[in-house]
Amino acid sequence: EDDLDSDSPSISQLFQPANDSLGLGPSSKQHYLLWSLETLCWSREYLIRSIQILTRLSKYNLPNTSGNTPLRSMSTILCGWFRNTSSDMQTRLQAINACHSIDPSIGLNLIKMLWPNHHPVVIPSSSPCYRDWELNNKEVPIEEWSNFVSELSSIAIAWAKEDNSIMPWLIEAMTKTSPEDFNKIVDFLEAEAYGDNLDEDIRLYIFEEARNTIASHERHKSARWAMPEEQQVRLRNLTRLLEPIDDLRRHTYLFNRRPVLPETNLTNYKEYQATLQKEQHKALNDFFNQPDGWKQLADLTKRSESPEKVGWALATYNQVDVIDIMLEWLESGNIRLQTAASSWTNCYLKDKGPSTLRKILESKDISEESRRLFVLNIPRASNFWNVLRDFPSDENLFWAEAKFLFVPKEDLNQAIRTLHEKSRSWAAMDLVYDAIETSGSYEEEDFPDQALLISILKSTATQTPIPGEIQDPTSCVGGI
């Protein structure tokens with residue numbers, strides 16, 4: 001405690017990576033200190049002070065390979081279903097609050113680790129060799145474990161009143177509690193939803209967590225872990241109460257990875273995609289019915305897990321002209337807006353054809369950065385490459401930097417030969433390897449002849465691939 005109170009605690013040296021070039025020893029030196037504190041925690045007298053020290057030690061970063069950490073030690077000591085301390089439940093709860101009072105973020109991480117889950121694992125803590133602090137019977141009665149979880153729920157609610165950013169986590173957490181604790185948390189969230197204290201962003205996050213949770217449980221209602229019907233009804237009503245009608249970011253889930261849609265069969269790809277596109281277009285209607293629709297759509301895109309899905313949806317949405325805005329997004333400098341606009345470019349040109357590509361390239365109003373990203377996302381097909389021949393600088397950029405993940409079989413030979421001629425033999429070889437791996441989609445005449453292939457292999461010895469151009473050069477060469 002005295003050392004941690006000093007300006008330069010010497011104890012911090014124990015949390016530095018070990019200088020072990022051979023990698024034969026431990027990755028750091030903190031383990032014996034943590035084991036000593038775990039041993040002290042067996043005593044009622046030293047539990048809270050030791051937890052406070054472990055909380056303060058949690059600020060030190062440890063290597064990812066470090067097996068034990070102060071937070072992990074605390075979660076082991078305070079585990080509610082297995083005894084790793086002789087302290088009673090009230091003392092352990094005081095220790096949890098003591099941790100939170102020192103560092104709320106560490107306290108929240110601790111209560112998350114103590115929360116019930118479906119696959120609990122705990123490693124016994126270090127035990128005393130000479131003191132008689134250790135218990136003979138470490139089993140915890142079910143009633144005590146249930147009471148502990150109920151107390152954790154009350155603590156989490158109390159913390160959420162002070163910091164409402166905890167509330168989205170409560171949605172997920174309450175599905176793993178008893179019906180009484182579930183209702184207690186829902187009652188609290190409903191009261192907050194009716195009040196005026198919720199920040200609009202927090203309200204949105206709580207709504208999204210509630211919507212995703214109820215969708216998952218409705219879809220897997222026959223699973224053992226699914227909520228009972230009466231709990232689903234309460235959560236569904238809470239979701240409706242929380243829905244921010246005036247905040248169009250509520251549609252974000254439609255542009256995330258594989259959103260769960262009510263009454264839609266996820267295993268039927270065509271049906272699912274058709275329903276998803278219909279819902280996405282409905283959402284776009286909501287945006288473009290607003291005077292600041294583009295701004296709100298940009299806000300949604302910046303928080304989407306899969307911004308490329310925004311671009312795909314816009315490419316098939318024919319109610320507004322999006323070209324100018326997409327070109328603005330390409331030069332925005334925001335990676336999510338650029339990702340959305342890049343996917344729009346590829347999908348839109350595939351739909352509209354080479355004549356649209358020519359029309360856009362002939363425009364004089366495209367900035368340098370917009371034009372660069374636009375060109376790099378042109379579809380990988382010869383009918384578009386033919387247009388590029390009339391724009392030499394764009395053609396050179398395309399063949400020098402564009403990534404080739406897939407090429408139609410009728411254009412495979414041309415793509416491989418051109419990439420080789422442009423000194424991109426690694427990209428050419430990656431296309432050959434992918435074609436071999438998916439040989440069922442290609443005929444023998446689609447592949448390059450032996451002379452070209454040997455020339456490509458020789459050229460790779462003197463060329464360096466563009467970062468991200470080829471995933472595994474060794475497998476690629478070996479496979480060919």
Side-chain angles (χ1 to χ4, degrees), residues 248-249 251-252 254-257 277 280-281 283-284 287-288 290-381 383-407 415 422 424 427 466-469:
L248 295 182
R249 291 179 299 170
H251 294 305
T252 302
L254 291 170
F255 304 95
N256 287 338
R257 297 183 184 91
Q277 186 179 90
Q280 288 173 338
H281 286 185
L284 292 177
F287 281 99
F288 297 124
Q290 300 294 324
D292 62 342
W294 277 114
K295 178 184 179 302
Q296 292 198 59
L297 183 59
D299 291 340
L300 178 148
T301 305
K302 291 174 184 177
R303 64 192 304 273
S304 169
E305 294 175 359
S306 303
E308 67 276 3
K309 291 193 174 183
V310 178
W312 295 339
L314 286 170
T316 56
Y317 185 76
N318 300 316
Q319 305 303 312
V320 295
D321 185 0
V322 305
I323 295 177
D324 291 340
I325 299 296
M326 290 297 97
L327 294 176
E328 289 179 12
W329 284 15
L330 286 173
E331 65 175 344
S332 66
N334 182 284
I335 186 63
R336 292 182 182 274
L337 294 181
Q338 289 176 325
T339 299
S342 296
S343 64
W344 168 85
T345 298
N346 189 273
C347 190
Y348 182 76
L349 290 177
K350 283 181 180 177
D351 182 49
K352 302 301 181 183
S355 60
T356 299
L357 170 62
R358 180 179 298 278
K359 180 180 178 181
I360 294 176
L361 291 179
E362 287 174 345
S363 171
K364 304 297 183 182
D365 300 328
I366 307 178
S367 70
E368 182 178 349
E369 178 64 7
S370 289
R371 192 178 190 96
R372 188 183 78 83
L373 291 177
F374 181 84
V375 168
L376 291 179
N377 285 281
I378 290 172
R380 281 46 168 170
N383 54 343
F384 293 97
W385 305 338
N386 294 336
V387 173
L388 281 177
R389 290 173 184 164
D390 296 332
F391 304 90
S393 59
D394 295 325
E395 182 183 33
N396 290 334
L397 171 66
F398 178 82
W399 289 107
E401 297 185 25
K403 295 179 180 179
F404 286 75
L405 301 179
F406 173 79
V407 174
K422 298 292 184 178
R424 290 188 63 191
I466 296 173
E469 181 174 55

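Quantities reported herein were computed from a predicted structural model and do not represent experimental measurements. What you see below is based on every heavy atom in this structure, not just the backbone, and it leaves out hydrogens, waters and symmetry mates.
Heavy-atom minimum distance, E395 versus L388: CB-O, 3.4 Å. Of all heavy-atom pairs between G353 and F384, the closest is C-CE2, 3.6 Å. Here the closest non-hydrogen pair linking I378 and F398 is O-CE1, 3.8 Å. The two residues I366 and I360 have their closest heavy-atom pair at CD1-O, 3.2 Å. Nearest heavy atoms, A315 versus D351: O-OD2, 4.4 Å. Across N346 and N377, no two heavy atoms sit closer than the pair ND2-O, 3.2 Å.
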Candidate pair T339 and E308, rule side chain to side chain donor-acceptor pair (under 3.5 Å), full reasoning: CA-CA 6 Å; T339 299; E308 67 276 3; 6.0 Å; no

Stepwise side-chain contact (heavy atoms from CB on, under 4.5 Å) test for L357 and K352: CA-CA 8 Å; L357 170 62; K352 302 301 181 183; over 6 Å; no

Derivation of the side chain to side chain donor-acceptor pair (under 3.5 Å) call for S370 and S367: CA-CA 5 Å; S370 289; S367 70; 3.1 Å; yes

Audit row: L361, F374, side-chain contact (heavy atoms from CB on, under 4.5 Å) steps and yes/no: CA-CA 9 Å; L361 291 179; F374 181 84; 4.2 Å; yes

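By the 4.5 Å heavy-atom criterion applied to side chains, V375 and T345 are not counted as neighbours. Under the 4.5 Å side-chain criterion, counting only non-hydrogen atoms from C-beta, Q296 is not in contact with R249. Between R372 and E401 there is a side-chain heavy-atom pair separated by less than 4.5 Å. Counting only heavy atoms from C-beta outward, the side chains of Q338 and E369 approach each other to under 4.5 Å. Side-chain atoms of N334 and T301, non-hydrogen and from C-beta on, never get closer than 4.5 Å to each other. Contact annotation: the side chain of L349 approaches that of T356 to within less than 4.5 Å [non-hydrogen atoms, C-beta and beyond]. By the 4.5 Å heavy-atom criterion applied to side chains, L254 and H251 are counted as neighbours. Using a 4.5 Å heavy-atom threshold, the side chains of S304 and N256 count as touching.
Remark: T252 OG1 to K302 NZ distance equals 13.0 Å, nearest 0.5 Å. Expressed to the nearest 0.5 Å, how far NZ of K350 lies from CZ of R380 amounts to 9.0 Å. Taken from OH in Y348 to OG1 in T316, the straight-line distance is 12.0 Å, to the nearest 0.5 Å. With values rounded to the nearest 0.5 angstrom, L330 atom CG is found 5.5 Å from S342 atom OG. Atoms CH2 and CG, on W329 and L314 in that order, are 6.0 Å from each other to the nearest 0.5 Å. Atoms CG and CZ, from D390 and R358 in turn, are 4.5 Å apart once rounded to the nearest 0.5 Å.
Here R257 pairs with E305 under the salt bridge (Lys or Arg N to Asp or Glu O under 4.0 Å) rule; sequence neighbours left out. With sequence neighbours left out, R336 forms a side-chain hydrogen bond (donor to acceptor under 3.5 Å, both in side chains) with no residue at all. In this structure, the ring pair (Phe, Tyr, Trp, His ring centres under 6.0 Å) partners of W399, at least two apart in sequence or on a different chain, are W385, F404.
In summary, D299 and R303 do not engage in a salt bridge, as defined by a charged side-chain N under 4.0 Å from a carboxylate O. Contact check on D394 versus R371 returns a salt bridge, with a Lys/Arg side-chain nitrogen under 4.0 Å from an Asp/Glu carboxylate oxygen.
Ring-plane geometry between Y317 and H281 is classed as perpendicular, the angle between the planes exceeding 60 degrees on a 0 to 90 degree scale with a lower cut at 30.
Aromatic rings from W294 and F287 are positioned such that their centres are separated by 6.0 Å or more.
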